[in-house]
Each structure stands twice: as C-alpha cells, then as structure tokens.
Amino acid sequence: MCGIVAAVGSDNVLPILMEGLKRLEYRGYDSAGVALVEAPGKLGRAREVGKVAALERLLSAAPLTGLTGVAHTRWATHGEPSQDNAHPHVSGRIAVVHNGIIENHQALKAELIADGYVFTSATDTEVVAHLVERELKVHGELLAAVGAAVSRLEGAYALGVIDADRPDRVVGARHGSPLVVGISDQGCYLGSDPLALLTVTDRFVYLEDGDLVEATRKGCVVHGVDAAGIRQPVVREVLRYEHDDQAVGKGEFEHYMLKEIHEQPVAVANALEGRLGSDQVLIEAFGPQARQLLGRTRQIHLVACGTSYHAGMVARYWIEALAGVPCQVEIASEYRYRDVVAPPGTLLLTLSQSGETADTLAALRHARKRQEENYVGTLAICNVPGSSLVRESDLSLMTHAGPEIGVASTKAFTTQLTSLMLVALALRQLHGGDRDLTARLVHRLRYLPTLLGDTLQLDGEIAALAKGFADYRHTLFLGRGAQMPIALEGALKLKEISYIHAEAYPAGELKHGPLALIDGSMPVVALAPMDELIDKLKSNLQEVRARGGQLLVFADPESGLEQEEGMTVVKVPGCCRFLAPIVYTLPLQLLAYHVAVVRGTDVDQPRNLAKSVTVE
Ligand code: G6P
C-alpha cells in the first residue's frame with residue numbers, strides 16, 4: 001500500500017525522505033515521488049514509475065534540496081501507475097501526498113473544475129491539492145487551509161502537505177489511514193509507519209482519527225476534535241519505539257521472507273515469554289481486564305483478513321475443542337457489511353499483523369458501536385504496538401514477532417497461532433476445563449520453539465523438491481481438521497509469491513468436485529500429522545493416487561506413510577495434534593519460498609500485493 005514520509009529539519013531532508021521511502025518499499029507500491037521546498041516560493045518535484053531506485057536515478061541526474069519535503073510510494077487505486085498519477089500532487093504553492101481513498105472525489109473534482117482548476121492526473125488525491133490551495137486563499141495559513149479542506153473529504157486518508165511559501169512547516173492529517181509523527185532534536189517527521197523513520201528517531205506520536213498536526217523543526221502541535229466537534233490543540237503521548245532497528249535488516253539471508261521463516265523459533269518463544277506458568281497460562285499477563293473479559297465471554301466472533309484469517313480458522317478448532325466456547329470466524333470485509341447477529345456475551349476477537357488493515361478496523365468499529373447490545377468487549381491480537389487496532393480495542397495481546405518485512409506473512413502467522421492457543425487455554429481455565437490437558441499443553445508449548453527449530457532442518461530437502469515443482473501451473477493442497485486452514489495458508493503462500501495457481505480443500509471434500517482436476521499434471525500437497533483423522537486422510541490420498549495424481553505428503557514419522565511411486569513423503573518431526581498446525585506451517589512456507597526462488601519471482605515484494613492494506 002501507499003507510504004508517506006515527510007520531514008522538516010535544519011539540513012537538507014532529501015536523504016531522510018529517500019531512506020524513509022526505501023524502508024516503506026516492503027508495503028508494496030508501483031511508483032514513487034518527492035517534493036521539496038527548494039527556496040521560499042519554489043517547489044521542486046520528482047516522480048517515477050517503478051522502484052525507489054528509479055526515482056533515485058532521476059534525482060542523481062537532477063538533485064533536489066530543501067529543509068522541508070514530502071515523499072510517497074504509490075500503490076495504484078485510481079488511475080494506472082504512471083508519472084502523472086504518482087504523488088506528490090501539486091496545486092500552486094501546495095504539494096500533497098495521500099494514503100487512502102477519497103470517496104467523494106468525483107463530486108469535488110466537478111466543483112473544482114467549475115472553479116477553474118485544471119487536473120493533470122486520474123487520481124482521487126489531486127482534489128486534495130486543489131482544495132487546500134483554494135482554502136489557502138481564504139484562510140491565508142496552511143493548518144487552517146488543510147483543516148477546511150479535510151472537512152470536505154469523505155473516505156479514508158492520511159495526508160502530508162507543504163506550502164512553498166512556508167518552508168518551516170509540514171501539516172499532516174489522519175482519518176482512517178495510519179500516520180505517525182517522529183520527533184528528534186534535528187527536526188520533525190511524518191510517516192505512515194514508524195519503520196520509515198527509525199534512522200532519525202525512536203520517539204513517536206501516534207495520531208488519532210480526526211487529528212491534524214503542524215510539524216516544525218522544533219516539534220509538533222496536534223489538533224484534535226473534541227466531543228463537541230471543536231478542533232483544538234491536544235496532548236498526545238510521545239512513545240518510544242521498542243524494536244531494535246537491526247531487526248529490519250536482511251542479515252545473512254537472501255530474502256526477508258527466508259530470514260523471517262528462520263526467525264520463527266525465536267519469535268514464538270517471544271510470543272510465549274512471561275505468559276506460561278508451571279501448569280497453566282498466566283491470564284493476568286494478557287492485561288488487567290483479561291480475566292473479567294474472557295470470563296464473561298460466551299462466544300467469539302473472530303474477524304480478520306488474508307493470512308490472519310487463516311490463523312482465525314485454526315483457532316476455531318482449538319477454542320471449541322479446548323474451551324467449549326462457540327467460535328465463528330469471518331473475513332472482515334464481509335463481517336463489516338453484514339447484519340451480524342451477536343448473541344449475548346459475544347467477544348469480538350480481531351487478528352492483524354499490522355493493526356491497520358482497513359476492513360478489520362472497520363469491523364472492530366462496527367462492533368464497538370453496538371457494544372452496548374450483546375458484545376462483552378473487543379480483543380485484538382496484533383504485532384504492532386500503538387497501531388489503530390490496538391488503541392481502539394478493550395484488550396490487546398501483542399504477538400511479539402518483531403518487524404515483518406516480506407509481504408507474504410510467515411512469523412506473524414505462527415506467532416498469531418501461538419497467541420491464539422494461549423487464548424484458547426485461558427478460556428479453558430476460566431470455563432472449567434480439566435486441568436491435566438491444560439498442563440500437558442503448557443508443557444508442550446514450552447518445547448514448541450525447539451520443535452520449530454528441528455522442523456526448519458527440512459529446508460535443504462524441501463529446496464531440492466522445489467526444483468521439480470516449479471514447472472507446474474496448478475496445485476491442490478489438502479488437510480483435515482485444524483490442518484485444513486494450514487492447507488489454505490500453504491496454497492496462499494504458493495500463489496502469492498510464485499504465481500502458481502493453488503487451491504486448498506478439506507480432504508474429505510475431494511470427491512465432491514476437485515477430484516475431477518486430478519491427473520499427472522496436478523500435484524497434490526497433503527498434510528498428515530498423527531491425529532484421529534489419519535486413516536481417513538490416507539483413504540483420500542488413495543483416491544488421488546488411483547487417478548494418477550502426484551502426491552507430496554508432509555507426514556508424521558509414525559503415520560506409516562512411506563515413499564512410493566507417485567508419492568513423495570517428507571517426514572515432519574512428531575508433535576502433539578494441537579500444536580501440529582503451527583509445526584506443519586513451516587514446510588509449506590519453505591516450499592512456497594523455494595519454488596518462488598526457482599521461478600525467479602520477486603519473493604519479498606510480489607507483484608500487485610501490499611503488506612499493509614489500508615484501503616477497502
Ligand atoms: C495483506 C498482506 C497479508 C496479510 C493481510 C492482512 O493482504 O499481504 O500478508 O495477511 O494483508 O493483514 P493484517 O496486517 O491485518 O494481518
């Protein structure tokens with residue numbers, strides 16, 4: 001998705017803006033641009049289609065300098081990726097960068113054209129530049145002009161705005177798209193993500209919806225809207241960013257994704273840290289109100305998008321089996337627009353790596369509005385402290401995966417699963433489940449990071465298999481029970497980064513349709529841990545073999561499945577059935593990764609995809 005960086009400093013800010021853009025590359029984008037106030041009254045601008053490196057080349061041929069500037073990576077929504085559509089957009093003295101979507105842009109555009117404004121792009125953003133320019137003539141001052149302009153906007157936005165006549169300030173606005181303010185002794189910065197600014201500061205103000213901010217070299221003043229709708233200065237806490245900046249590098253690995261796959265034993269250990277007692281989960285470690293909130297929960301609505309949705313699907317099996325609490329899982333973009341019936345005692349549990357996914361946030365807000373009805377409260381499982389989802393939920397459980405840069409989610413997923421297992425066990429404790437199984441699972445959770453480390457030893461074997469896999473055009477993934485969502489996640493990983501079409505099915509559903517696809521050109525990947533469904537799964541695999549399908553089975557050493565003609569078996573370290581979904585995720589991530597490497601795709605930034613989807 002789009003990324004914003006803006007800066008006002010005491011030196012040329014171009015290097016800060018460019019470094020910020022590079023750090024936002026992971027979000028996914030198709031063009032980039034920058035605008036600086038080069039001298040009072042003079043704006044310089046450069047925009048280029050493609051990577052930030054292409055913009056850098058343009059700038060090395062025609063450099064820009066200035067103490068104030070805005071920069072942007074664009075992920076096209078309105079208008080194709082092109083130089084004209086790239087941000088910043090300029091109107092007179094004003095340059096604007098924008099994340100989000102202005103839903104009433106057509107009506108505003110007609111009004112502005114009637115007023116004599118000329119549009120040079122197909123974007124929704126350009127209306128903002130012209131609106132601010134028009135309001136500046138009325139108010140004579142940037143902050144007031146931006147305030148008046150945003151009062152006309154419908155939709156979601158984060159904005160960074162500069163005025164060529166006021167080189168000492170940048171104005172930002174946030175409504176529905178993330179924006180943070182970074183503060184240092186040398187200047188003040190805006191970013192759509194703190195990661196963009198970690199080379200210049202670790203001190204951040206997380207803006208809230210409706211906030212405007214005026215940033216100068218000396219700091220920032222935030223203007224919020226009070227309950228009566230009056231805009232006035234507000235105090236927002238300055239928070240230190242917790243993560244070590246080293247965590248943002250690739251280290252010895254060729255790709256972020258491979259690094260993040262190999263970080264999973266440590267990430268999962270971090271997700272467990274401080275949350276396990278000797279034979280039970282330490283519910284108080286989730287937060288002071290956790291015991292009361294989970295104790296009052298009678299059912300759960302679990303809402304998420306993408307990979308996070310798959311984690312939710314696994315959790316349904318765990319929560320119902322371990323705690324006996326009914327659990328419904330739904331894609332956020334559906335939940336938010338449905339007339340959901342929430343029976344009394346419903347907990348809304350949202351899952352999100354970024355905590356900024358537009359649909360998940362909207363689902364949370366939809367439920368919060370109706371909290372007085374039947375919802376007991378909201379719990380977010382999230383990887384980004386200070387994100388909107390965390391700030392707007394009653395309770396949050398951080399996954400502690402550390403920064404995840406690869407677009408295809410890996411360690412964020414397994415730490416979500418680990419956190420969800422903790423929630424399932426906490427619910428079991430509060431809802432009177434027998435203690436023996438709880439104690440056994442707590443013991444196994446302690447051992448989970450080691451087990452994941454052992455599973456990663458399969459890397460070489462899977463890399464070799466991937467060579468034979470890369471020429472297929474379609475793949476089918478099969479699993480049963482809690483492995484079914486893992487099959488879905490394996491298929492998603494493969495299609496995201498290798499562009500091979502992949503589908504997943506519950507193995508028991510094979511004969512109701514997908515069996516028609518099976519022939520020698522259709523490989524089938526199956527997950528076969530030792531559980532009560534193993535014999536049923538074996539029968540499903542026979543159905544594939546009988547039709548000439550090529551099987552790749554990830555199997556428990558005790559499963560009795562052995563290599564044979566048409567069936568490759570990779571032995572996954574033995575594990576208990578409840579934790580098997582976490583363990584079996586790893587070989588599927590490795591398979592997708594190595595197939596993508598053989599096919600030569602852009603593993604960390606797959607085409608058309610974004611890391612953080614902050615628009616609907
Ligand atoms: C995008 C990412 C996925 C992610 C999904 C949900 O599609 O590419 O990797 O699973 O958004 O993101 P979230 O941050 O809410 O988990």
Side-chain angles (χ1 to χ4, degrees), residues 1-3 24-29 75 77 99 176-178 192-195 256-257 260-261 267 271 302-315 329-336 348-365 379-393 396-417 419-420 485-486 488-499 585 588-589 592-593 596 601-616:
M1 284 284 118
C2 304
L24 291 177
E25 285 193 288
Y26 78 95
R27 293 162 71 96
Y29 69 104
W75 187 80
T77 58
N99 288 358
S177 289
S192 37
D193 184 328
L195 287 182
Y256 281 108
M257 184 181 176
E260 289 157 4
I261 289 174
L302 214 159
V303 178
C305 301
T307 287
S308 298
Y309 170 67
H310 294 155
M313 288 179 78
V314 175
V329 190
E330 196 159 339
I331 287 178
S333 54
E334 291 299 315
Y335 190 86
R336 65 181 286 191
L348 182 82
L349 202 172
T350 55
L351 279 172
S352 173
Q353 187 285 127
S354 61
E356 301 293 352
T357 301
D359 285 318
T360 310
L361 266 173
L364 169 69
R365 289 169 185 160
L379 164 63
I381 294 187
C382 187
N383 190 35
V384 180
S387 60
S388 305
L389 202 70
V390 168
R391 285 185 285 121
E392 294 181 30
S393 298
S396 54
L397 190 60
M398 302 316 299
T399 53
H400 298 309
E404 189 181 67
I405 307 292
V407 165
S409 186
T410 52
K411 63 176 179 171
F413 179 65
T414 45
T415 53
Q416 279 174 343
L417 288 176
S419 307
L420 284 161
I486 302 303
L488 283 168
E489 176 59 12
L492 178 65
K493 286 289 86 86
L494 190 69
K495 70 185 130 189
E496 277 179 312
I497 61 168
S498 77
Y499 316 147
T585 298
L588 298 190
Q589 294 169 343
Y593 172 77
T601 55
D602 188 346
V603 172
D604 286 330
Q605 289 169 38
R607 68 185 182 200
N608 307 339
L609 298 182
K611 180 78 187 157
S612 180
V613 179
T614 50
V615 295
E616 260 198 85

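Note that ligands are numbered from 1 as they come in the structure, with each ligand's atoms numbered from 1 the same way. Heavy-atom basis, side chains included; hydrogens, waters and symmetry copies ignored.
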**Item:** For Glu356, all residues meeting side-chain hydrogen bond (donor to acceptor under 3.5 Å, both in side chains), sequence neighbours excluded
**Value:** Ser388
**Fill in**
By side chain to side chain contact (heavy atoms under 4.5 Å, CB included), Ala304 pairs with (sequence neighbours left out) Ser308, Tyr309, Leu351
**Message:** Quick test of your reading: applying salt bridge (Lys or Arg N to Asp or Glu O under 4.0 Å), list the pairs with at least one residue in residues 380-389, sequence neighbours left out, ordered by first then second residue.
**Reply:** none
**Prompt:** For ligand 1, what is the set of protein residues having any non-hydrogen atom at a distance below 4.0 Å?
**Reply:** Cys305, Gly306, Thr307, Ser308, Ser352, Gln353, Ser354, Thr357, Val407, Ser409, Ala610, Lys611, Val613
**Message:** Taking the basic N atoms (NZ, or NE/NH1/NH2) and the acidic carboxylate oxygens, is any pair closer than 4.0 Å for Arg607 and Asp602?
**Reply:** no
**Message:** Assess whether a salt bridge exists between Glu392 and Arg365, defined as any Lys/Arg side-chain N lying under 4.0 Å from an Asp/Glu carboxylate O.
**Reply:** yes
**Message:** Against Glu404, only a single residue in Lys411, Lys611, Gln353 fulfils side chain to side chain donor-acceptor pair (under 3.5 Å); can you say which?
**Reply:** Lys611
